Amino acid sequence: MNTIEASRINFGKRVKTQREIIGMSMDELASSMGYKHRSSINKIESGENSIPQDKIETLAFYLKTNVAYLMGWNEGIRNLTQDEYEMLRLYRNATERGRGMAIADLKNYQEDTASAVG
């Protein structure tokens, strides 16, 4: 097995695992992705077929995960939502001052929410 085949198989395993975690059937995912048959999802999950690059982000959205997890770039962030992943991306690209401001804003929001509830 070459590297490309192994990557395709591992991608498929992550798709299947995430689909099962969120309780989505192959039929539901196929329909969401615009495929006519569940066999398209089955072939992706088995590593038989790859998915076009322009559909990977859509696939991540429907699987409630992110592209980095599906691609195997970072196993540790599998359970992040797209919004959380975007926040992390923005945070990492911010200046030190911007990072400090973001953390301060989130802390203030959390304190406001806690005082409103209590």
Side-chain angles (χ1 to χ4, degrees):
M1 177 182 320
N2 66 38
T3 306
I4 294 172
E5 290 171 324
S7 293
R8 203 169 47 229
I9 288 169
N10 289 329
F11 178 88
K13 286 178 182 177
R14 286 187 292 274
V15 168
K16 181 177 182 178
T17 298
Q18 187 63 22
R19 181 181 57 75
E20 289 174 344
I21 286 171
I22 65 169
M24 181 180 269
S25 71
M26 279 190 203
D27 290 320
E28 291 169 323
L29 183 55
S31 176
S32 295
M33 292 293 296
Y35 294 122
K36 293 181 181 179
H37 305 286
R38 68 181 288 178
S39 62
S40 298
I41 300 302
N42 186 49
K43 288 177 181 178
I44 291 168
E45 290 183 357
S46 69
E48 185 179 335
N49 285 355
S50 59
I51 184 169
Q53 184 177 354
D54 62 341
K55 287 196 171 211
I56 294 174
E57 191 170 342
T58 303
L59 179 63
F61 173 80
Y62 286 117
L63 290 174
K64 299 179 181 175
T65 189
N66 55 72
V67 172
Y69 166 69
L70 291 178
M71 297 301 293
W73 297 332
N74 189 336
E75 295 290 324
I77 60 174
R78 177 182 84 196
N79 293 320
L80 292 182
T81 65
Q82 284 296 118
D83 286 343
E84 290 167 331
Y85 183 75
E86 179 67 5
M87 287 178 65
L88 180 59
R89 188 190 66 75
L90 291 169
Y91 178 85
R92 287 181 175 171
N93 290 318
T95 63
E96 189 173 327
R97 181 173 179 267
R99 289 176 182 175
M101 291 171 58
I103 289 171
D105 284 348
L106 287 170
K107 284 180 179 177
N108 287 334
Y109 178 75
Q110 187 176 23
E111 290 169 5
D112 291 346
T113 303
S115 64
V117 171

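This chain uses plain numbering: 1 for the first residue, then up along the sequence. This one's a predicted model, so the numbers in the text were calculated from it and none came from an experiment.
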Exercise for the section: Answer yes or no: are there more than 12 heavy-atom neighbours, outside Lys13 itself, under 6.0 Å from its atom NZ? Expected result: no
Fill in the blank from the handout: OG of Ser32 to CG of Asp27, rounded to nearest 0.5 Å, is 10.5 Å
Practice task
Check for a donor-acceptor pair, side chain of Glu45 on one end and backbone N or O of Asn42 on the other, with a separation under 3.5 Å.
Solution key: no
Problem - Distance (rounded to the nearest 0.5 Å) between Arg19 CZ and Leu59 CG - result: 10.5 Å
Practice task
Kindly determine whether Leu63 and Ile21 satisfy side chain to side chain contact (heavy atoms under 4.5 Å, CB included), including the steps that lead there.
Solution key: CA-CA 9 Å; Leu63 290 174; Ile21 286 171; over 6 Å; no
Practice task
Heavy atoms only: give me the nearest Tyr62-Ile22 pair and the separation to one decimal.
Solution key: O-CD1, 3.5 Å
Problem - Residue pair Arg99 / Ala94: nearest heavy atoms and the distance that separates them - result: NE-O, 3.5 Å
Handout entry: Single-linkage hydrophobic cluster Ile51~Trp73, side-chain heavy atoms < 4.5 angstrom
Key = yes
Practice task
Could you pull out the closest heavy-atom pair between Val67 and Ala60, with the gap in Å?
Solution key: N-CB, 3.8 Å
Problem - Under 3.5 Å: donor-acceptor pair, side chain of Arg14, backbone of Met71 - result: yes
Problem - Thr17/Tyr69 under side chain to side chain contact (heavy atoms under 4.5 Å, CB included): CA gap, chis, key distance, verdict - result: CA-CA 11 Å; Thr17 298; Tyr69 166 69; 4.3 Å; yes
Fill in the blank from the handout: So NZ of Lys64 and CD of Gln18: to nearest 0.5 Å the spacing works out to 9.5 Å
Handout entry: Minimum-distance pair of heavy atoms, taken over all atoms of Arg8 and Gly47
Key = NE-O, 2.7 Å
Exercise for the section: Could you check if a side-chain atom of Met33 sits within less than 4.5 angstrom of a side-chain atom of Ile44, using non-hydrogen atoms only? Expected result: no
Practice task
Quick one: pull up CE in Met26 and CD in Glu20 and give me the separation to the nearest 0.5 Å.
Solution key: 8.0 Å
Problem - Cation-aromatic face contact Lys43/Tyr35, 6.0 Å, 45 degrees - result: no
Problem - Glu5 atom CD, neighbour heavy-atom count above 12 within 6.0 Å - result: yes
